[in-house]
**Student:** 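Okay, handing you the structure first.
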Amino acid sequence: MMAKQNSSTGISALYQEAIRDPEKFWLEAASQVHWFKPPSYALSKPGKVESEGSEQTEKRHTADWFADGQLNACYSALDYHVEQGHGEQTAIIYESPVTGVSQKITYANLLFHVSQFAGALAAKGLTKGDRVLIYMPMIPQAVVAMLACARLGLIHSVVFGGFAANELATRIDDAEPKAVIAASCGVEVKRIIDYKALLNKALKLSQHTPEFQVIYQRPQQTAKLDQPRDIDWNDFIDKAESADCVPVKSTDPLYILYTSGTTGKPKGVIRDTGGYCVALQWSMRAIYNVVPGDVYWAASDIGWVVGHSYIVYGPLLNRNTTILYEGKPVGTPDASAFWRIIAKHRVKVLFTAPTAIRAIKKEDPAGDLVRQGDFDLTSLSALFLAGERSDPDTLHWAQTQLNVPVIDHWWQTETGWSICANCLGVEALPVVDGSPTMPVPGYELFVVDKGGQKLSKGSVGALVIKTPLPPGTFTGLWNDEKRFEESYFSSYPGYYETGDAGYIDENGYVFVMSRTDDIINVAGHRLSTGAIEQVIAGHEDIAECAVIGKSCALKGEIPLALIVLNCQTQNPLEQIQRACVQMVREKLGAVYSFKTSVPVRALPKTRSGKVLRATMKQIAQKQAYSIPATIDDPKILDEIEIALDRLN
């Protein structure tokens with residue numbers, strides 16, 4: 001389904017069409033993807049289905065999309081475009097300010113390297129369904145490895161580069177890969193991360209032993225290879241014959257992506273091939289409003305779902321030029337890094353996390369670097385934000401600096417693409433502060449109470465999605481069907497539990513206020529910490545904030561804010577704190593009982609930008625806590641603990 005075809009149809013009508021006749025809607029969308037065997041139907045209803053080995057299994061929550069179709073994600077992303085005469089178009093722009101490298105790779109050149117690497121994997125005996133773990137930084141070879149796996153029908157599992165050895169070991173044991181593809185090191189602004197040492201330690205900790213490892217040696221730090229199990233990347237591909245694409249079923253897994261679990265064991269999200277390709281192809285045009293040939297930049301990491309969907313597969317399926325960025329929003333070399341890349345490469349759409357914009361705003365609150373740098377940003381048509389809830393102040397600041405629509409949209413690792421978004425390729429709706437706009441066609445979203453009863457407009461409750469879920473969403477958890485059921489579908493039968501809380505207003509706009517666990521109970525009132533954060537973030541001296549619940553003998557819980565001040569702030573702390581209390585009282589009311597804020601240097605976050613509110617709450621409650629494997633800077637937790645101790 002092309003964006004131009006949708007342009008004359010309003011988003012409301014398109015949404016109703018997807019709900020009323022998903023068969024027609026998604027088959028039309030599927031026609032835009034290359035198939036070796038086109039599907040004759042879209043949706044397989046949940047129920048008894050045939051599994052390998054001819055056993056009958058019960059699929060109660062997920063649907064098989066395009067089940068009789070056959071395709072290959074790599075072919076659709078590379079071969080097809082080259083065959084259509086677009087081989088000389090740039091597929092990847094690799095920008096690495098931490099190493100000083102800037103490189104352009106055409107579709108034809110990328111296809112050559114992917115085919116060669118796939119041939120080397122095939123020569124080692126890897127076949128369709130085998131797993132390959134990829135442990136690499138943001139370098140082109142990581143994309144080559146991903147697409148080479150897809151080319152052969154191998155299931156790749158990308159682990160964020162630099163993950164601790166014990167976390168890497170748990171993923172090795174769960175996925176049981178036949179091979180590991182890794183780099184010798186990762187390069188950050190002020191340090192080199194020894195990937196090979198982390199991999200070696202992980203292999204000692206894990207029960208499963210891969211058959212071999214392929215190591216790409218980076219010039220910043222080479223690794224000692226342990227023969228015969230370690231193979232140098234260049235030696236591995238030397239004399240390898242190019243491999244053709246292996247047709248796979250639409251329902252065959254494309255990848256496993258691990259997301260953190262509450263039990264400490266990561267959850268291996270399974271993504272199918274056909275439904276994912278169809279959803280991403282549709283979303284590139286309908287949501288982001290980019291057409292083939294446009295330059296698209298998702299400033300994320302391939303270790304996260306955003307990197308899978310919108311650095312690699314989505315843009316390449318849609319024949320866009322995608323930017324692979326090895327750097328930070330600040331410090332490489334300064335807070336103008338994003339603007340420099342946009343101007344240099346004529347980026348049409350930027351997609352990043354609100355936390356990245358907050359980091360830029362903290363260093364350059366007046367936006368001086370945007371103007372002083374004399375950057376030509378006229379190519380930029382929109383900025384999309386996701387990963388953390390986008391507070392209005394961050395959104396307004398970005399709009400002021402960039403003079404383009406700033407679009408908050410909401411999705412999860414499990415969904416693989418947007419649940420709610422402003423679909424710019426269909427109909428640009430008014431931007432409403434604090435809202436990711438409306439559900440995207442294919443998602444039936446409701447707000448329910450603890451008993452599963454639907455709530456009225458404006459009432460805060462759990463956000464849930466009616467099953468079966470649309471194409472592109474997860475089809476299970478690797479080796480853990482029981483957990484799949486219990487984690488996502490047991491609380492509200494017939495619905496997927498997003499784990500987020502919010503409300504839908506009278507105009508149909510969705511407001512995602514916080515994680516369900518972040519709703520606090522103040523004197524019997526269930527209140528959203530996200531609502532308080534939204535107000536506090538509006539203070540001109542505050543770069544970002546996080547609100548948690550703190551135990552109170554009188555009221556059960558009271559809100560506690562941790563605030564990060566802008567670097568150029570001149571006003572006294574006490575004045576800022578008093579102003580925040582008054583702002584919350586005026587905009588939300590005295591019922592919120594907000595009185596206390598604590599200044600901190602930074603908020604603890606994962607490497608993908610999510611604020612670790614649950615960990616901070618454990619610290620505030622004097623509970624034992626473990627340092628999350630995904631944390632970006634563990635030292636900040638010590639600082640948080642010291643800051644909170646001063647309150648007692």
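Sequence positions, counted from 1, serve as the residue numbers for this chain.
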**Student:** Regarding K454 and the six-membered ring of F446, is the cationic atom NZ or CZ under 6.0 Å from the ring centre and inside 45° of its axis?
**Tutor:**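 Relative to the ring axis of F446, which defines the angle, K454 lies inside both limits.
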
**Student:** When you measure from the side chain of E444 to the backbone of K466, do you find a donor-acceptor pair of N or O atoms at a distance under 3.5 Å?
**Tutor:**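 The answer is no, because no donor-acceptor pair under 3.5 Å joins these two groups.
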
**Student:** Indicate yes or no: does E544 engage K361 in a salt bridge with an N to O separation below 4.0 Å.
**Tutor:** no

**Student:** Would you give the length of the straight line joining atom CD1 of I256 to atom NE2 of H156, rounded to the nearest 0.5 angstrom?
**Tutor:**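 The NE2 atom of H156 is 10.0 Å from CD1 of I256, to the nearest 0.5 Å.
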
**Student:** More than 12 non-hydrogen atoms from neighbouring residues, nucleotides or ligands closer than 6.0 Å to NZ on K635, yes or no?
**Tutor:** no

**Student:** When rounded to the nearest 0.5 angstrom, what distance separates CD in Q618 from CG in L612?
**Tutor:** 10.0 Å

**Student:** Using the side-chain contact (heavy atoms from CB on, under 4.5 Å) rule, pick out the option among P441, P470, P471 that qualifies with W282.
**Tutor:**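 Passing option: P441.
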
**Student:** Salt-bridged, K622 to E641, with N to O below 4.0 Å?
**Tutor:** no

**Student:** Without hydrogens or angle criteria, can the side chains of Q412 and D500 be said to hold a donor-acceptor pair below 3.5 Å?
**Tutor:** yes

**Student:** Report yes or no: does S250 contribute a side-chain atom to a donor-acceptor pair with the main-chain N or O of W65 at less than 3.5 Å?
**Tutor:**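 Present.
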
**Student:** Output yes when a side-chain donor or acceptor of E414 lies under 3.5 Å from a complementary backbone atom of T473, and no otherwise.
**Tutor:**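 Not a single qualifying donor-acceptor pair exists.
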
**Student:** Supply the atom-to-atom distance L560 CG to S597 OG, rounded to the nearest 0.5 angstrom.
**Tutor:**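 L560 CG to S597 OG: 8.0 Å, rounded to 0.5 Å.
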
**Student:** Could you check whether any side-chain N or O of E427 sits under 3.5 Å from a backbone N or O of I11, counting only pairs where one atom can act as donor and the other as acceptor?
**Tutor:** yes

**Student:** Could you tell me whether E639 and R601 have a side-chain N and a carboxylate O separated by less than 4.0 Å?
**Tutor:**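 Answer for the salt bridge query: yes.
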
**Student:** Under the side chain to side chain contact (heavy atoms under 4.5 Å, CB included) rule, what do I576 and I542 come out as? Steps first, then yes or no, please.
**Tutor:** CA-CA 8 Å; I576 297 170; I542 292 180; 4.1 Å; yes

**Student:** Would you call the rings of Y488 and Y496 parallel, tilted or perpendicular, where under 30° means parallel and over 60° means perpendicular?
**Tutor:** parallel

**Student:** Any chance the side chains of Q621 and S551 put a donor and an acceptor closer than 3.5 Å?
**Tutor:** yes

**Student:** Nearest 0.5 angstrom please: I532 CD1 to M583 CE, how far?
**Tutor:**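 Nearest 0.5 Å value for the CD1-CE distance: 12.5 Å.
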
**Student:** Does one side chain, of R171 or Y258, offer a donor that lies under 3.5 Å from an acceptor on the other?
**Tutor:** no

**Student:** Counting the benzene-type ring for Trp, do Y495 and F489 have ring centres under 6.0 Å apart?
**Tutor:**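 Centroid distance Y495-F489: not below 6.0 Å, so no.
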
**Student:** Between atom CZ of R271 and atom CG of D252, what is the distance when rounded to the nearest 0.5 Å?
**Tutor:** 15.5 Å

**Student:** Aromatic rings W411 and Y310: how do their planes relate, parallel, tilted or perpendicular, breaks at 30° and 60°?
**Tutor:** perpendicular

**Student:** Strictly below 4.0 Å, N to O, side chains only: are D391 and R358 in salt-bridge contact?
**Tutor:** yes

**Student:** Please answer whether the main-chain N or O of G416 pairs with a side-chain N or O of S309 as donor and acceptor at a distance below 3.5 Å.
**Tutor:**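 Side chain of S309 to backbone of G416, a donor-acceptor pair under 3.5 Å: yes, one is there.
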
**Student:** Are any of the side-chain heavy atoms of P439 and V510 separated by less than 4.5 Å?
**Tutor:**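 They are in side-chain contact.
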
**Student:** Would a distance-only check, ignoring hydrogens and angles, find a side-chain to backbone donor-acceptor pair under 3.5 Å from N289 to C423?
**Tutor:**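 Flag not set: sc N289 to bb C423 has no pair under 3.5 Å.
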
**Student:** Do H539 side-chain atoms and A579 backbone N/O form a donor-acceptor pair below 3.5 Å?
**Tutor:** no

**Student:** To the nearest 0.5 Å, tell me how far F160 CZ sits from E167 CD.
**Tutor:** 13.0 Å

**Student:** Go through it in stages, so that I can follow the logic: the residues are Y509 and C420, the test is side chain to side chain contact (heavy atoms under 4.5 Å, CB included), and I'd like the CA-CA distance, side-chain angles, deciding distance and then a yes or no.
**Tutor:** CA-CA 9 Å; Y509 276 71; C420 292; over 6 Å; no

**Student:** Looking at G508, is its backbone amide N or carbonyl O close enough to the side chain of D505 to form a donor-acceptor pair, meaning the two atoms are under 3.5 Å apart?
**Tutor:** yes

**Student:** Does the separation of the ring centres of Y313 and H308 fall below 6.0 angstrom?
**Tutor:**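 Between H308 and Y313, which both carry aromatic rings, the centre distance is not below 6.0 Å.
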
**Student:** Could you walk me through whether I558 and Y592 satisfy the side chain to side chain contact (heavy atoms under 4.5 Å, CB included) test, starting with their C-alpha distance in whole Å, then the side-chain angles of each, then the deciding distance to 0.1 Å, before giving a yes or no?
**Tutor:** CA-CA 8 Å; I558 54 172; Y592 274 77; over 6 Å; no

**Student:** Would you indicate whether the side-chain heavy atoms of Y255 and V269 approach each other to under 4.5 Å?
**Tutor:** no

**Student:** Donor-acceptor pair, distance only, cut-off 3.5 Å: does the side chain of D480 make one with the backbone of L477?
**Tutor:** no

**Student:** Determine whether I287 and F384 satisfy the following criterion, side chain to side chain contact (heavy atoms under 4.5 Å, CB included), listing intermediate values before the conclusion.
**Tutor:** CA-CA 10 Å; I287 296 176; F384 280 81; 4.0 Å; yes

**Student:** I want to know whether Y443 and W417 have ring centres closer than 6.0 Å.
**Tutor:** yes

